[in-house]
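Everything numeric here is computed off the predicted structure, so don't read it as measured data. Just so we're on the same page: letters track the sequence lines, and every chain starts at 1.
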Amino acid sequence: MEHLYYLGTLISVWIIVALAANLVIGYTGMMAMGQAAYLGVGAYVAAGLNVLLGVNFHLALLAALLVSGAVAAATLWPLLRIGGFYFALATLGLNFVFFDIFHNLGPRVEGSEGLHGLKLPDLFAGSGARFATTAALAALCFLACRTIVGSPLGRALRAVRDRPDALAALGKDPRRYQMLIWSVAGALTGLAGGLYAATLFYIDPTLFTLDASILVLVYIGVGGLASTWGSVLGVVLLIVFNESLRYLGLPSQYVGPLQQALYGLLLIGLMIFRRRGLVGEYDFRE
Amino acid sequence: MLNLLQVFSTGLGLAGYYALVAVGFALIFATLRIFHVAHGTVFMTAGYAFFGLHRLAGLHIALAAACALAIAALVGLLIDKIIYGPVLKRGGGMFSVFIASLGVSLIFESGFLVWSKGVVSVARAELLDIFIVGDVVLRRFDFFILAIVALAYGALYLWLHRTSTGLAIRGLTDNSELSAIVGVEVAKTRNAIFLVASSLAGLAGVLTAYDTGMTPASGVQTLFIGVVAVILGGTRNILLGAIVGAAALGMLTAFAGYFFPEWISFSIFAMMIILIIFRPQGLLG
Amino acid sequence: MTSANNGLRIDGLAMNFGGVFVFDDVTIDIPPGKVTACIGPNGAGKTTIINIVCGVFAPRAGEIFVDGVKLAGVRPFDTVRHGLCRSFQDVRIFPFLTALENILVAMPGQSGENLLGLFTPGARAQERANREKARLLLQTVALEGAAGRPAGELPFGQQKLVSLLRAVATGARVLLLDEPAAGVEIDLIPRVVDLIRALAKAEGRATFLVEHNIDLVREVADHVCVLQGGRIIASGAAEHVLGDETVIREYLGRVYNA
Ligand SMILES: Nc1ncnc2c1ncn2[C@@H]1O[C@H](COP(=O)(O)OP(=O)(O)OP(=O)(O)O)[C@@H](O)[C@H]1O
Ligand SMILES: [Mg+2]
């Protein structure tokens with residue numbers, strides 16, 4: 001049961017990350033390849049405040065949300081002047097830049113590589129409560145994302161994705177929407193980062209590398225771009241599938257590489273056979 | 001004080017590896033618009049193949065190196081044929097190929113992970129062969145690397161400038177539609193590009209396996225350094241751009257490694273991002 | 001005080017792309033309530049005029065006034081704020097938005113486009129009203145049947161109509177239409193004509209029309225200017241210019257012979 005709760009919590013966390021990534025990649029067409037950076041910022045802010053300064057975890061989560069949103073905005077600002085493929089490349093570089101930042105500047109608990117020892121309030125204390133709270137937050141994020149994509153804002157986002165120049169000609173600055181949604185996604189990812197820290201009890205820089213960013217890409221690629229249900233579906237399917245690998249009885253050192261190889265195969269298969277994923281409304285066009 | 005020269009010489013040695021990887025990547029990127037992440041995989045494959053053939057199968061070192069090169073060239077070609085071709089044929093674009101390429105490198109990386117988590121290294125005895133000039137310690141092997149790079153670049157130059165295939169390839173970097181009209185046999189040229197670029201990466205892989213050794217993470221690391229070198233140098237002139245970019249990055253890596261070793265990848269990628277923002281055409285472009 | 005509402009004035013515009021000369025001393029008045037057409041051969045620089053007015057390129061010389069106020073340093077997304085909106089020769093529809101959404105997205109001042117406004121009840125009411133407006137716009141060109149279809153799947157002519165409505169929906173007082181009839185199926189042309197007429201005559205918008213279809217120009221334009229060889233070779237009342245010897249010889253003759 002414990003383990004099921006843990007899995008449910010993990011799924012909820014990644015659903016939030018995938019929803020956020022889909023807002024920018026699927027709906028707005030911005031090739032975000034560095035979401036792990038914002039996940040890490042959120043995790044470090046929440047865990048750092050809580051472990052080192054004794055800040056209440058609820059507040060720490062809020063701080064994670066706000067700081068990640070601000071960091072996302074600050075990192076996007078200089079990148080907005082570049083377009084297309086180089087944008088993807090630059091966001092990919094964020095993974096490496098932030099890894100060094102976490103690694104060199106991230107606070108750590110004496111004698112370890114990372115942070116542990118979170119003091120969690122009731123809502124997060126037991127594994128059941130933690131699952132319920134995280135799942136509720138994920139559901140809230142889901143509803144928020146659905147509201148956004150179904151609103152005039154969501155419409156404008158899709159217009160930015162399809163023809164930014166035409167949207168500009170209609171008097172609306174595409175960069176305004178890109179900035180807005182990138183910050184929102186950064187904030188949500190940061191919230192997920194805080195929840196991730198609570199789920200794992202322990203964070204260190206190796207959790208927030210290119211691998212994590214690729215994982216996000218796999219989740220929404222499988223589930224489907226520009227689809228909120230797709231974000232959920234991709235995460236649930238892959239985490240459950242991944243989990244089932246553990247019961248194959250393979251020696252434990254093969255499980256990680258096997259997962260990685262399967263993700264690689266999935267990416268290739270998707271790009272060849274179904275670029276829109278399972279229930280996507282849009283595909284990797286470029 | 002003394003150390004600046006020392007760092008400089010280390011940087012030159014590194015630049016040699018980077019230049020080999022970067023020029024192949026640039027060749028593929030500039031002509032085919034394929035962002036070949038798996039170029040790093042090809043590099044790594046050569047290193048592991050070299051190790052396997054020489055150390056495990058006991059092949060003569062030169063023979064093992066030659067086989068490793070051939071394997072790398074073949075792997076590069078097959079990646080294009082089996083993966084990129086179908087993605088492009090089904091309407092995928094540059095970004096789709098990029099993601100598929102990431103997939104390829106994930107698969108190979110996992111394979112090497114299963115093989116060995118640690119460093120795989122071929123031989124190290126001769127590497128200690130040093131000589132001292134003033135107060136700078138120089139490795140004979142670094143000169144060997146630079147000589148090989150010079151040879152490879154010379155051959156590449158002749159190939160690009162003296163053969164009809166090379167002419168076609170240079171046409172592709174300028175204007176692919178034009179070359180199509182002029183009648184470049186696209187498929188043949190494409191194969192040549194992948195074979196040559198992959199052999200160069202293979203060469204770097206063999207040398208690296210011999211020198212510092214390979215880990216499953218080497219591929220992605222080296223590839224991204226190559227990418228940054230290409231962004232630095234630009235793709236207007238593939239050979240010159242790659243060598244200038246590689247030299248600059250070799251120095252950057254060596255100096256960063258000396259003064260703030262914890263921030264090497266930060267320096268490299270921060271520089272890449274800044275460069276993309278202010279000079280997407282590269283320093284030379 | 002008449003300057004309060006005298007439309008768009010393009011004054012002494014000169015342009016070259018690097019060393020390539022495009023035109024010199026182009027002066028055009030585009031008054032409200034009238035259709036001012038610009039004709040000229042391919043490559044004359046008609047689209048370039050629109051691009052300059054909309055801040056895509058900076059001219060080498062010349063000034064642009066809207067209702068007597070000089071435009072300076074405009075960026076493309078500022079144009080609507082200054083009362084201008086353009087359409088594109090190559091349509092540039094939002095292919096994955098429905099026809100209705102294409103028009104909706106153009107409407108100004110939507111509180112539902114802000115993160116906070118989004119969750120207010122006012123935003124919903126506004127959205128409902130906008131939808132109604134967009135539907136009415138589609139009705140004016142008899143396209144209400146296409147409202148729910150992705151615009152990218154519509155026939156080219158219908159896409160062009162939708163793209164015109166999109167510009168209309170911004171509420172701009174000055175419209176710059178780049179070849180609204182080019183490539184449009186013949187049976188849809190009357191709808192384009194009616195729409196342009198209605199915009200100028202009924203709604204009083206200043207309309208700048210770049211068009212190769214001379215019959216259409218004849219039908220809707222009040223004023224015509226001819227851009228050729230890097231300058232305006234003729235300009236004035238439509239029937240006057242289109243009857244002009246040189247224009248017929250230099251331009252129309254060629255079009256008709258082509
Ligand atoms: N961005 C640009 N850079 C360089 N030259 C350009 C650019 N845009 C247009 N030109 C050149 O300027 C000239 C005018 O082009 P423009 O598109 O304005 O012509 P046009 O009158 O609209 O022609 P058409 O009837 O074919 O649409 C052409 O010679 C064109 O090649
Ligand atoms: Mg034109």
Side-chain angles (χ1 to χ4, degrees), chain A residues 20 23 26-29 65-66 69 72-73 80-81 140 143-188 224-227 276 280-283 285, chain C residues 50-51 54-56 74-88 90-98 100-120 123-124 126-127 130-131 134 150-152 163 166-172 176 178:
Chain A
L23 281 182
Y27 287 96
T28 320
L65 178 107
L66 294 175
L80 266 185
R81 63 166 85 196
L140 212 62
L143 290 178
C145 287
R146 281 197 79 81
T147 312
I148 288 175
V149 303
S151 74
L153 175 59
R155 185 165 63 214
L157 294 178
R158 284 177 289 136
V160 171
R161 178 190 70 191
D162 294 344
R163 290 243 58 147
D165 50 350
L167 190 69
L170 298 174
K172 306 193 173 182
D173 185 0
R175 286 174 305 177
R176 176 190 166 268
Y177 298 98
Q178 291 176 324
M179 201 71 192
L180 176 65
I181 204 64
W182 191 270
S183 312
V184 168
L188 291 181
L225 292 183
S227 158
R276 61 172 45 210
E281 304 277 327
Y282 190 73
D283 61 37
R285 215 147 291 264
Chain C
I50 296 182
N51 278 333
C54 293
V56 178
V74 208
R75 288 160 299 178
F77 54 85
D78 292 328
T79 47
V80 171
R81 203 156 45 81
H82 289 103
L84 300 170
C85 188
R86 59 100 53 100
S87 77
F88 293 95
D90 54 356
V91 197
R92 306 201 188 171
I93 204 93
F94 304 113
F96 293 90
L97 267 52
T98 63
L100 194 75
E101 286 178 319
N102 262 275
I103 298 169
L104 277 165
V105 85
M107 294 190 174
Q110 302 185 46
S111 43
E113 285 186 0
N114 299 311
L115 205 50
L116 295 178
L118 182 70
F119 297 94
T120 60
R124 304 215 146 205
Q126 190 193 28
E127 173 73 1
N130 281 348
R131 276 181 181 272
S163 83
R166 203 167 66 168
V168 173
T170 62
L176 305 125
D178 200 348

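- With a 4.5 Å cut-off on non-hydrogen atoms, C:L118 touches chain A through its side chain but not through its backbone.
- Neither the backbone nor the side chain of A:I181 comes within contact range of chain C; no heavy atoms are under 4.5 Å apart.
- Using a 4.5 Å cut-off between heavy atoms, C:N114 contacts chain A through both its backbone and its side chain.
- When all heavy atoms of A:L153 and C:E113 are compared, the pair lying nearest together is CD1-O, 3.5 Å.
- Here the shortest heavy-atom pairing between A:P152 and C:E127 reads CG-OE1, 3.3 Å.
- Rounding to the nearest 0.5 Å gives a distance of 10.5 Å between CG of A:L170 and OG of C:S87.
- Counting heavy-atom pairs closer than 4.5 Å to chain C, the top residue among A:R158, A:R161, A:K172 is A:K172.
- With a threshold of 4.5 angstrom between heavy atoms, C:R81 does not approach chain A through any atom at all.
- The line from CZ of A:R155 to CD of C:Q110 is 5.0 Å long, rounded to the nearest 0.5 Å.
- Note on A:A226, A:S151, A:A159, A:P174: by heavy-atom pairs under 4.5 Å with chain C, the leading option is A:A159.
- Nearest heavy atom pair, residue C:T79 against residue A:A169, reads OG1-O, 4.1 Å.
- Closest approach of C:P95 to A:D162, counting heavy atoms only: CD-CB, 3.8 Å.
- For chain A, the option among C:N130, C:V56, C:V105, C:T170 with the highest count of heavy-atom pairs below 4.5 Å is C:V105.
- Neither the backbone nor the side chain of A:L157 comes within contact range of chain C; no heavy atom of the residue lies under 4.5 Å from a heavy atom of that chain.
- Rounding to the nearest 0.5 angstrom, the gap separating the CZ atom in C:F77 from the CZ atom in A:R176 is 11.5 Å.
- Taking every heavy atom of both residues into account, A:A166 and C:F88 meet most closely at CA-CE1, 3.9 Å.
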